[in-house]
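Let me begin by presenting the structure, written as structure tokens, before commenting on it.
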Amino acid sequence: MKLRFSLKYTVSLLTLATCAIAGQAAAADAAPVGNVQNARDKVSMCIGCHGIEGYKATFPELYHVPMIAGQNAKYIETALNEYKKGARSHPTMDAIAGSLSDQDIADLAAYYSNLK
């Protein structure tokens, strides 16, 4: 009887340990949650182009710079990650996005999606 209890106890401990490890791995893989307050210190690099209504940039060619205030957070995150990975390309955005951490991107997306 004692052996059966020990085996059940051991299996239970192994199950708990496996769940704990899987839970930690899932948490590590989870996308960071954006923090609007933390983004306030990070938006200065965006305001110069995206904060001016009707602004047009001339590098490498003349184009309209989109306003990102009120844009969907997931869209902003996707766009910044695409610039960071090279799937989208613009010299200024490539450099800026390349300097951002995943947390920075989540914070900026949260900040701009909350603006109107």
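Worth knowing before you read on, the calculation uses all heavy atoms, side chains too, and leaves out hydrogens, waters and symmetry mates.
Q103 and P32 get closest at one heavy-atom pair: OE1-CB, 3.1 Å. Considering every non-hydrogen atom in both K84 and L100, the closest pair reads NZ-O, 2.6 Å.
Linking ILVMFWY side-chain heavy atoms closer than 4.5 Å, directly or via other members, places I47 and Y83 in a single hydrophobic cluster. Under the 4.5 Å side-chain contact rule for hydrophobic residues, I68 and I52 do not share a cluster.
In this structure a side-chain-to-backbone donor-acceptor pair under 3.5 Å is present from S99 to I96.
A distance of 10.0 Å separates NZ in K42 from CD1 in I105, rounded to the nearest 0.5 Å. Separation of atoms CG (N38) and OH (Y111) is listed at 13.0 Å; rounding is to 0.5 Å. Here OG of S113 is found 10.5 Å from CG of L108. Values are rounded to the nearest 0.5 Å. Atom CD of Q71 is separated from atom CD of E77 by 12.0 Å, given to the nearest 0.5 angstrom.
You'll find the side chain of L115 stays beyond 4.5 Å of the side chain of M67, heavy atoms only. No side-chain heavy atom of H90 sits less than 4.5 Å from a side-chain heavy atom of V65.
Checked against Y112 for a side-chain contact (heavy atoms from CB on, under 4.5 Å), the options D107, I76, N72 give a single hit: I76.
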Does N81 form a side-chain hydrogen bond (donor to acceptor under 3.5 Å, both in side chains) with T78? I'd like the steps, not just the answer.
CA-CA 5 Å; N81 280 313; T78 300; over 6 Å; no
Applying side-chain contact (heavy atoms from CB on, under 4.5 Å) to R88 and D94, what does each step give before you reach the verdict?
CA-CA 8 Å; R88 289 188 187 196; D94 295 346; 5.8 Å; no
